[in-house]
Amino acid sequence: MNYVKKRRDFDPARHAAYTALMQVATDDAYANLVLPAILRERGLRPLDAAFATELTYGTLRMQGKYDSIIARSATRPLDQLDPAVAVLLRLGAHQLLTLRIAPYAAVGETVALARQVASDGPAKMINAVLRRLSERSPEEWDELLEATEGADERRAAVHSHPEWVVRALTQALKVAGRGDEIDALLEANNLPPQVCLVARPGMVEPVDLARTAARVLRTRATAGVISPYAVNIAGGDPARLHEVRGAEAAVQDEGSQMVAAVLASAPLDGPDERWLDLCAGPGGKTALLAGLAGARGVELLANEVTAHRADLVRQSVRTSTEWVEVRTGDGRELGEEKEGYFDRTLVDVPCSGLGSLRRRPEARWRRQPRDIADLAPLQRELLAAAIKATRPGGIVGYATCSPHVAETHVVVQEAIAKGLVKPLDAVEVARMVASWREDFAFGRVSDSLAGTGKAGRANEEVDCCFTPVNEAGAAAETGRQGDVVQLDGEETGLANGSAPAEEAGPDTDGHADEVGRAAASVQPAQEKAAGAEAEEPQFTAEFGQGPFLQLWPHVNGTDAMFLALLEVQ
Ligand SMILES: C[S@@+](CC[C@H](N)C(=O)[O-])C[C@H]1O[C@@H](n2cnc3c(N)ncnc32)[C@H](O)[C@@H]1O
């Protein structure tokens with residue numbers, strides 16, 4: 001069948017996704033920066049914005065898998081194709097293989113878009129390749145990839161990760177005593193992260209933030225899984241909350257919240273009056289530390305080497321300026337300058353970001369093994385400076401949003417072996433901190449999936465490692481805006497966690513059209529589109545073995561974070 005239509009208006013959601021994907025492919029742009037700008041500029045309605053977000057992020061995450069499937073359907077190697085053609089093919093593959101949009105719509109719409117952005121020649125070629133691709137079902141393609149030889153190679157193909165990343169994550173899990181969890185981790189890396197808010201301590205109570213979020217965003221808002229400061233929201237634009245605009249709350253992964261909270265809560269002998277955040281930009285953890293410091297009469301110095309990022313730190317702590325100072329400079333100088341001055345120091349080092357692959361969909365294709373080696377000297381020097389700036393008996397928290405062994409265990413074990421520091425049990429402190437969380441839920445149970453817009457989860461957390469900062473901070477409004485009414489906490493005091501799957505209806509608000517917006521605006525999209533009940537992943541406050549704290553997307557629902565608490569000798 002020929003899916004090429006002669007005269008066809010292109011779809012605004014697909015066009016927005018195409019534009020974002022092209023900028024990522026040709027300008028080294030970051031999807032979490034360019035897409036919100038495109039959506040805002042073009043004024044896409046919420047459902048289209050959700051669909052465009054799913055298309056962009058989903059296509060980028062699954063790019064490796066799609067490329068191997070396209071390679072088997074095309075006559076020319078992918079790297080010999082024009083970038084626009086490659087992007088359009090991947091976009092079509094995502095609609096066919098993951099969103100399971102009917103071929104006439106997935107191929108027809110992609111070809112219509114190709115006519116608009118390219119010309120008739122490429123459109124015909126795209127039509128032919130996608131048509132061949134659609135002759136096999138997603139399951140048949142999966143079976144083919146499952147037959148790939150070699151365990152790492154097979155996982156790389158099936159779960160769409162570079163092989164070296166599969167190997168690095170396998171090793172990291174082994175060292176953490178989770179050797180048999182690699183498939184679960186790789187799968188989790190392909191799911192959109194939960195949008196999580198932090199209620200900054202001393203500024204707003206989580207339960208009050210959740211109540212407001214449910215009312216203003218007309219969504220479901222629940223307690224976090226591990227952080228006592230977390231509020232998970234199922235949809236909506238956090239920037240519409242006055243608490244977010246006023247820096248009392250922000251979008252922040254629960255793992256990042258735990259890093260700051262665990263460092264601040266570790267038992268400490270002697271004075272506890274001066275804290276240092278050595279690598280503070282863009283300031284998410286600084287702001288949480290600032291809230292805790294204010295309540296305890298502690299002064300906090302936040303240091304950041306990049307001027308632009310230091311400004312973002314200033315923004316994030318603008319309500320705490322009496323006790324927080326922001327310094328722009330190389331953290332490595334502070335060891336000498338402030339030797340033994342601080343009681344607690346956070347050193348959240350620049351890292352490969354292999355723990356945040358859900359949030360930065362293009363990162364896995366850009367990172368290279370040499371990045372790890374390149375970062376190692378800086379990580380060691382920053383840890384050395386943190387240790388020097390902290391008094392004997394004080395605590396240094398060494399953190400990364402990468403589980404890579406060379407960036408975590410190796411760096412920390414070296415400092416321990418030199419006798420500079422002694423490890424404390426961060427897992428025990430994490431259990432204590434997690435025990436402070438309270439259950440609450442606002443909003444209607446039936447909106448827990450239908451209104452989530454999870455497919456369009458905004459991934460708006462300001463990036464902390466390699467990518468530039470998303471200054472806009474405004475999430476694309478996603479998914480259905482259901483008829484949630486604000487109810488009192490007592491009336492809606494639902495158990496924490498997800499609604500039962502059977503209560504989670506599909507996104508059918510009358511806007512869903514034939515090209516699968518409904519399928520795209522719930523997750524897991526595959527399951528929904530296939531008619532199966534979508535099951536919410538169940539995350540836990542399970543922290544494994546100490547002394548180092550390691551959080552994982554497939555266990556805790558957070559980014560993969562590493563925290564070592566080190567007592568200075
Ligand atoms: C992982 S990010 C920190 C994230 C931050 N803790 C947060 O939660 O928002 C690492 C930061 O270290 C900064 N950095 C890199 N080299 C540095 C240096 N020599 N001294 C201080 N900061 C540095 C980077 O610019 C980056 O902002």
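Keep in mind that what you see is a predicted model, and the values were worked out from it rather than measured. Just so you know, ligand 1 is whichever comes first in the structure, and atom 1 is the first atom listed for that ligand.
- The shortest N/O to N/O separation between L346 and ligand 1 does not fall below 3.5 Å.
- Checking G284, C351, A250, S256 against atom 7 (C) of ligand 1, the nearest heavy atom belongs to G284.
- With a 4.0 Å heavy-atom cut-off, ligand 1 is reached by no atom of T286.
- Using a 4.0 Å cut-off between charged nitrogen and carboxylate oxygen, E333 and K338 do not count as a salt-bridge pair.
- Applying the 4.0 Å criterion to heavy atoms of N303 picks out, from ligand 1, the atoms 21 (C).
- Polar contact with ligand 1: present for G283 (N/O pair, distance under 3.5 Å).
- Note: H404 and W164 have tilted aromatic rings, judged against thresholds of 30 and 60 degrees for the angle between ring planes.
- Using a 4.5 Å heavy-atom cutoff, the side chains of L334 and R327 are in contact.
- Here's the thing with Q252: none of its N/O atoms is less than 3.5 angstrom from an N/O atom of ligand 1.
- In the vicinity of D330, heavy-atom distances shorter than 4.0 Å reach the ligand 1 atoms 18 (C), 19 (N), 20 (N).
- If you number the atoms of ligand 1 from 1 as listed, the ones under 4.0 Å from a heavy atom of E304 come out as 11 (C), 12 (O), 13 (C), 24 (C), 25 (O), 26 (C), 27 (O).
- Under the salt bridge (Lys or Arg N to Asp or Glu O under 4.0 Å) criterion, E325 pairs with no residue at all, not counting sequence neighbours.
- Using modelled atom types, one finds a donor on one side chain and an acceptor on the other under 3.5 Å when comparing T306 with E304.
- In summary, R211 and D208 engage in a salt bridge, as defined by a charged side-chain N under 4.0 Å from a carboxylate O.
- With a heavy-atom cut-off of 4.0 Å, D277 does not touch ligand 1 at all.
- Comparing heavy-atom distances from atom 4 (C) of ligand 1 across P350, A287, G281 singles out G281 as nearest.
- When non-hydrogen atoms are compared, ligand 1 lies under 4.0 Å from neither the backbone nor the side chain of C401.
- The T306 neighbourhood of ligand 1 comprises atoms 25 (O), with distances under 4.0 Å to a heavy atom of that residue.
- Residue R309 has at least one heavy-atom neighbour below 4.0 Å for each of these atoms of ligand 1: 25 (O), 26 (C), 27 (O).
- Rounding to the nearest 0.5 Å places OG of S356 at 7.0 Å from CE of M561.
- Taking the charged nitrogens against the carboxylate oxygens, D277 and R344 have no contact shorter than 4.0 Å, which rules out a salt bridge.
- Not a single heavy atom of T400 lies less than 4.0 angstrom from ligand 1.
- Below 30°, between 30° and 60°, or above 60°: for H409 and F548 the angle between ring planes is above 60°, a perpendicular geometry.
- For a threshold of 3.5 Å applied to N or O pairs, the pair formed by L378 and ligand 1 contains no separation below that value.
- Side chain to side chain, H159 and N189 fail the donor-acceptor criterion of an N or O pair below 3.5 Å.
- Of the candidates G331, A280, G353, G331 brings a heavy atom nearest to atom 20 (N) of ligand 1.
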